[in-house]
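A short write-up of the structure that comes next.
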Amino acid sequence: MAREHVGHKDIVNFAEDRVNLPRDTANEFRAQARRLRERLETYLAEHPDFTLKRMLLSGSLAKGTALRSLNDIDVACYISGADAPQDVSKLLDYLAERLRKAFPNFKPEQVKPQTYSVTVSFAGSGLDVDVVPILYDGDPDWYGNLVSQEDGSFMRTSIPRHLEFAKKRKIAQQTHFVQVVRLAKFWAKRQKAENSGFRFKSFMIEMVMAKLCDDGLDFSDYPEAMQNFFTYLARSDLREQIAFNDYYPLSSIGTFAEPVRIIDPVNQANNVSKLYTRQQADAIVDAALDAGDAIDAALAAPNKQETVRYWQKVFGPSFQV
């Protein structure tokens, strides 16, 4: 691919300036989550029968794929005990009550149940931590029933295995895997800003990238990696089933009727894209076609000004060289 006006290093600089969560901020966020976990561990040491059993940083911050726009942290909280409610709203009240017990220095208004999580607000930093409950029955691999942030349904999952899955791809292509994921998420975020009906959740983007990584795609050249991402979406029409065999054989996957089939890598019964309609999938494919065409045009553009203009069709007006 030609690089006369905008190349890999220019995309790297743009990512550092506009896309990535700054390292200092990420470390501060992780420290806040760690303090929550340590407080719970201290309380558990004194109250071994307490029903909150474990807190784990989850989501994009834990995987290293957080964008600069991140303003809260996702933390999973494992809850055991027969008295834990199965109704989501009651479970969240139950979780909030026990978080207040575990963290007595927090004022009651700093621990608030939301629709599908409990928000813990740090008064000093103003940072919010979204604590998502997982009903836990003692599984050694930390499987439990997570409250889905999409529709409030219970979904069997293992946060440690999800983090292990992401880490394996990060090790395979150090630095580059998470960076290309961030760039794709930034592109999708811009699509959502321009079209309120556009949907392409971050976890689906991560799974597409994981597939490309497993297929041997070299992510070290960012313009080429992004073009390959858009090409895959266009070629597959987002109708090709994506699945992984890290924790179960592919032969154990059943048949899914939904148009988009991206299978949870830690739970073969869960299609993470089950709520996506054909129209929503087509919108993703159309946007990917436009982005791929823009990159092709950028690589063929006769001057720097025109090249930048085409890259702005992918990343928006904040892209400058």
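By convention here, the first residue in the shown sequence is residue 1.
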Task: Side-chain (Asn245) to main-chain (Tyr248) donor-acceptor, under 3.5 angstrom - done: no
TODO: Quick one: closest heavy-atom pair of Phe198 and Ala283, and the distance?
DONE: CE1-O, 3.8 Å
Task: Sole residue of Val75, Val118, Asp72, Val111 in side chain to side chain contact (heavy atoms under 4.5 Å, CB included) with Val129 - done: Val75
Open item on the list: Whether the side chain of Lys107 engages the backbone of Pro104 through a donor-acceptor N/O pair (distance < 3.5 Å, no angle test) should be reported.
Closed with: no
- [ ] Evaluate the side-chain proximity of Ser117 to Val131: yes if any heavy-atom separation is below 4.5 Å, no if none is.
- [x] no
Open item on the list: Looking at Tyr276, I'd like to know if the NZ or CZ of Arg199 sits under 6.0 Å from its six-membered ring centre while staying within 45 degrees of the ring's axis.
Closed with: yes
Open item on the list: Whether the side chain of Arg54 engages the backbone of Cys77 through a donor-acceptor N/O pair (distance < 3.5 Å, no angle test) should be reported.
Closed with: no
Open item on the list: If only side-chain N and O atoms count, and only distance matters, is there a donor-acceptor pair under 3.5 Å linking Gln227 with Asp296?
Closed with: yes
TODO: Work out which heavy atom in Val181 is nearest to a heavy atom in Ile205; give both atom names and the distance.
DONE: O-CG2, 4.4 Å
Open item on the list: Looking at Asn13 and Lys9, would you say the former's side chain and the latter's main chain have a donor-acceptor pair under 3.5 Å?
Closed with: yes
Task: Residue pair Val147 / Leu91, side-chain heavy-atom distance below 4.5 Å - done: yes
Task: Contact check, side chains of Ile263 and Val272, non-hydrogen atoms, under 4.5 Å - done: no
Task: Exercise: do Thr119 and Asp130 side chains pair donor with acceptor under 3.5 Å - done: yes
Task: CG on Asn270 to CZ on Arg156, rounded to 0.5 Å - done: 12.0 Å
Task: Closest contact, heavy atoms only, Ala301 versus Tyr310 - done: CB-CD1, 4.3 Å
TODO: Please name the pair of heavy atoms, one in Leu57 and one in Ile159, separated by the smallest distance, quoted to 0.1 Å.
DONE: O-CG2, 4.5 Å
Task: Arg161 to Phe165 six-membered ring, cation-pi geometry met (6.0 Å, 45°) - done: no
Task: Candidate list Tyr143, Phe203, Tyr247, Phe244, test ring-ring contact (aromatic ring centres under 6.0 Å, His included), partner His162, passing option - done: Phe203
Task: Polar contact flag, side-chain donor to acceptor under 3.5 angstrom, Arg182-Gln179 - done: yes
Task: Short side-chain donor-acceptor distance under 3.5 Å, Ser148 and Asp151 - done: yes
Task: His5 side-chain N/O to Val308 backbone N/O, donor-acceptor pair under 3.5 Å - done: no
Task: Shortest non-hydrogen contact between Lys53 and Ser80, atoms and distance - done: CE-OG, 3.1 Å
Open item on the list: I'd like to know if the side chain of Ser158 reaches the main chain of Asp141, judged simply by a donor and an acceptor atom lying under 3.5 Å from each other, with no hydrogens or angles considered.
Closed with: yes
Open item on the list: I'd like to know if the side chain of Glu224 and the backbone of Asp221 have a donor-acceptor N/O pair within less than 3.5 Å.
Closed with: no
Open item on the list: Take a 6.0 Å sphere around CZ of Arg278 and say whether it holds more than 12 heavy atoms from other residues, nucleotides or ligands.
Closed with: no
TODO: Quick one: sort the Phe219 and Phe177 rings into parallel, tilted or perpendicular, breaks at 30° and 60°.
DONE: parallel
- [ ] Would you please indicate if the ring centroids of Phe14 and Trp311 are separated by under 6.0 Å?
- [x] no
Open item on the list: Taking the side chain as everything from C-beta on, heavy atoms only, tell me whether Glu28 gets closer than 4.5 Å to Leu127.
Closed with: no
Open item on the list: Test side chain to side chain donor-acceptor pair (under 3.5 Å) on Tyr94 and Thr51; report intermediate values, then the result.
Closed with: CA-CA 10 Å; Tyr94 178 95; Thr51 55; 3.3 Å; yes
TODO: Start with the C-alpha distance between Leu67 and Asn20, add both sets of side-chain angles, then the distance that settles side-chain contact (heavy atoms from CB on, under 4.5 Å), and finish with yes or no.
DONE: CA-CA 5 Å; Leu67 299 183; Asn20 301 346; 6.0 Å; no
Open item on the list: When you measure from the side chain of Tyr78 to the backbone of Trp142, do you find a donor-acceptor pair of N or O atoms at a distance under 3.5 Å?
Closed with: yes
Task: No-hydrogen, no-angle side-chain donor-acceptor test under 3.5 Å, Ser252 and Gln268 - done: yes
Task: Heavy-atom pair of closest approach, residues Phe256 and Ala269 - done: CE2-O, 3.7 Å
TODO: Using the side chain to side chain donor-acceptor pair (under 3.5 Å) rule, take Arg309 and Gln312 through it: C-alpha gap first, then chi angles, then the decisive distance, then the call.
DONE: CA-CA 5 Å; Arg309 183 170 63 83; Gln312 287 177 339; over 6 Å; no
TODO: Measure from the side-chain N and O atoms of Tyr43 to the backbone N and O of Glu46, and report whether any donor-acceptor pair falls under 3.5 Å.
DONE: no
Open item on the list: Tell me if a side-chain donor or acceptor on Asp10 pairs with a main-chain N or O of Gly7 at a distance below 3.5 Å.
Closed with: yes
Task: Side-chain donor-acceptor contact under 3.5 Å, Ser58 with Asp74 - done: no
- [ ] Taking the side chain as every heavy atom from C-beta outward, state whether Glu206 and Lys63 have any atom pair closer than 4.5 Å.
- [x] yes
